[in-house]
Amino acid sequence: GLHRIPKVHDLLATLPAALFQRLRKQLDELSDLCQHIDSALVEEPPFSVRDGGIIREGYSKEVDQLRNVMTNSKDLLVDIENRTKETCGIKNIRVKYNKVFGYYIEVAKSQTDLVPADWVRKQTLTNAERYTTDELKKLEDVILGAEDKLCSLEYDLFNEVRDSIAAEVRRIKSTARAIAEIDVYTALSVVAQQYNYVKPAINEKGIIDIKNGRHPVVEKMIRNDM
């Protein structure tokens, strides 16, 4: 709706009557609010504002990062695995996950002597050792909490947008009243044109003289052949 206001504003400029010029002055284009909403919210938001997916990409760096983690978590883990192989020279490592230990780096027993001193052992198996690192632990926290954090963050950002818009309620109401008045005049003009209504001549003589009068409701209810 806000996108339509500048067009209405321009059309009013073509109507010289004082009434329409008053409405034009009253009509705040609200371009700043429109731009804020466009930059913050997606074109087709979900039904519930608590389910996520409402904040537009590029509006919040943190939202984009969390979405990237959720979308590309496998790629991020593969990247850690590949970099760890190159850095440590351990060929047979795997970054894995289970519900008990979370994410871990599994190293064959034959290569544990190459494990850096800052790695933390999480579990010992018959043929392998499982470790974690600060980087992997941070990524694990982000991945496992990403969805909940994302929904919560998007809801908070939505509330911020809503509150900032609500703070401009006087401007919005003023424009809404002008639009409502314009809507009435537009509807009346369309009906007058469609059904050939004419403007009555008003006098102060106290005489009502109706010629070829028509009742707009009755003539629609009664057929011409009755």
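Quantities reported herein were computed from a predicted structural model and do not represent experimental measurements.
For Arg56 (side chain) and Val42 (main-chain N/O), no donor-acceptor pair under 3.5 Å exists by modelled atom type. Here the side chain of Gln111 pairs no donor or acceptor atom with the backbone of Ile90 at under 3.5 angstrom. For the pair Gln123 (side chain) and Arg130 (backbone), a donor-acceptor distance under 3.5 Å is absent. Checking side-chain atoms of Asp64 against main-chain N and O of Glu57 turns up no donor-acceptor pair under 3.5 Å. Of the possible polar contacts, one joining the Ser164 side chain to the Val161 backbone as a donor-acceptor pair under 3.5 Å is found. Within the 3.5 Å criterion, the main-chain N or O of His9 finds a donor-acceptor partner in the side chain of Arg24. Side-chain atoms of Thr175 come within 3.5 Å of backbone N or O of Asp28 as a donor-acceptor pair.
Environment of NZ in Lys85: crowded, with over 12 heavy atoms of neighbouring residues, nucleotides or ligands closer than 6.0 Å. Counting non-hydrogen atoms of neighbouring residues, nucleotides and ligands closer than 6.0 angstrom, the CG atom of Asp134 reaches no more than 12 such neighbours. More than 12 non-hydrogen atoms from other residues, nucleotides or ligands lie less than 6.0 angstrom from CD of Gln21. More than 12 heavy atoms of other residues, nucleotides or ligands shown are found within 6.0 angstrom of CZ on Arg214. Atom CD of Gln194 sits in a crowded spot, with more than 12 heavy atoms from other residues, nucleotides or ligands closer than 6.0 Å.
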Take Met221 and His215 through the test side-chain contact (heavy atoms from CB on, under 4.5 Å) and record every step on the way to the result. CA-CA 10 Å; Met221 299 297 294; His215 193 294; over 6 Å; no
Report the C-alpha distance between Lys149 and Ser152 in whole Å, list the side-chain angles of each, state the deciding distance to 0.1 Å, and finish with yes or no for side-chain contact (heavy atoms from CB on, under 4.5 Å). CA-CA 5 Å; Lys149 288 180 181 178; Ser152 177; 5.8 Å; no
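Aromatic ring orientation, Tyr103 versus Tyr97: tilted (interplanar angle from 30° to 60°). Taking the six-membered ring where tryptophan is involved, the planes of Tyr197 and Tyr195 are tilted, since the angle between them lies from 30° to 60°.
Two residues are said to be in side-chain contact when any heavy atoms from C-beta on lie closer than 4.5 Å; Leu125 and Glu106 meet this criterion.
Nearest heavy atoms, Cys88 versus Trp119: SG-CZ2, 3.8 Å.
The line from CG of Asn68 to CG of Leu76 is 6.0 Å long, rounded to the nearest 0.5 Å.
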